[in-house]
Amino acid sequence: MKKEKRQEAVALKYDQSKDRAPRIAAKGKGEIAERIIAIAREHGIPVREDPDMVEVLSRVEIDHEIPPRFYKAVAEILSFIYRVNTADQSKK
């Protein structure tokens, strides 16, 4: 019998005027993860499903900047968000 894996989520925030790198804004499993995803969608924030990336980023404490070794992973997220935002703008 295969055990079903619980939903996990990590939310990032970045303030260019004060942060050197994105920070972990929220993270959680199960119901908390579902709520993080729901809040993001309610506010039109793109959601990327990537279990491997969540696993890596969940190692960082909340409100801490991501360490340099995770920059490439976060660059992939930012590229995804840029593409989503660009596609949304072209629909208007």
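Below, each value reflects all heavy atoms present in this structure, side chains not excepted, and no hydrogens, waters or symmetry copies.
Both Val84 and Leu12 sit in one connected hydrophobic cluster of ILVMFWY residues. Membership requires side-chain heavy atoms under 4.5 Å apart, directly or through other members. Taken together through direct or relayed side-chain contacts under 4.5 Å among Ile, Leu, Val, Met, Phe, Trp and Tyr, Phe80 and Val56 form part of one hydrophobic cluster.
Put simply, the side chain of Lys27 does not reach to within 4.5 Å of the side chain of Val54, judged on heavy atoms. Annotation: side chain of Met53 is in contact with side chain of Ile77 (closest heavy-atom distance under 4.5 Å).
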Can I get a per-line list of side-chain donor-acceptor pairs under 3.5 Å for residues 60-70, giving both atom names and the distance, sequence neighbours left out?
{"residue": "Asp63", "atom": "OD1", "partner": "Lys13", "partner atom": "NZ", "Å": "3.2"}
{"residue": "His64", "atom": "ND1", "partner": "Ile62", "partner atom": "O", "Å": "3.3"}
{"residue": "Glu65", "atom": "OE1", "partner": "Arg20", "partner atom": "NE", "Å": "3.4"}
{"residue": "Glu65", "atom": "OE1", "partner": "Arg20", "partner atom": "NH2", "Å": "3.1"}
{"residue": "Glu65", "atom": "OE2", "partner": "Arg20", "partner atom": "N", "Å": "3.0"}

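When all heavy atoms of Tyr14 and Pro22 are compared, the closest pair comes out as CD1-N, 3.6 Å. In this structure, Ala33 and Ala9 approach most closely via the heavy-atom pair CB-N, 3.6 Å. Residue Gly28 comes nearest to Ile36 through the heavy atom pair N-CD1, 3.8 Å, listed as atom of the first residue, atom of the second, then distance.
Shown here is Ile32, whose CD1 atom has no more than 12 heavy atoms of other residues, nucleotides or ligands within 6.0 Å.
Separation of atoms CD1 (Ile45) and CD1 (Ile81) is listed at 8.5 Å; rounding is to 0.5 Å. Here CD1 of Ile39 is found 7.5 Å from NE2 of His43. Values are rounded to the nearest 0.5 Å. Taking CD of Gln7 as the reference point, atom CD of Glu34 lies at 6.0 Å (rounded to 0.5 Å).
Among residue pairs with one or both ends in residues 74-84, those qualifying as side-chain hydrogen bond (donor to acceptor under 3.5 Å, both in side chains) are Ser79-Arg83; sequence neighbours excluded.
Judged as a side chain to side chain donor-acceptor pair (under 3.5 Å), and not counting sequence neighbours, the contacts of Arg48 are Asp50. Applying the salt bridge (Lys or Arg N to Asp or Glu O under 4.0 Å) test to Arg35 and every residue at least two apart in sequence or in another chain returns Glu42. With sequence neighbours left out, the side chain to side chain contact (heavy atoms under 4.5 Å, CB included) criterion links Leu78 to Val74. Every residue was checked against the salt bridge (Lys or Arg N to Asp or Glu O under 4.0 Å) condition with Asp52, not counting sequence neighbours, and none meets it.
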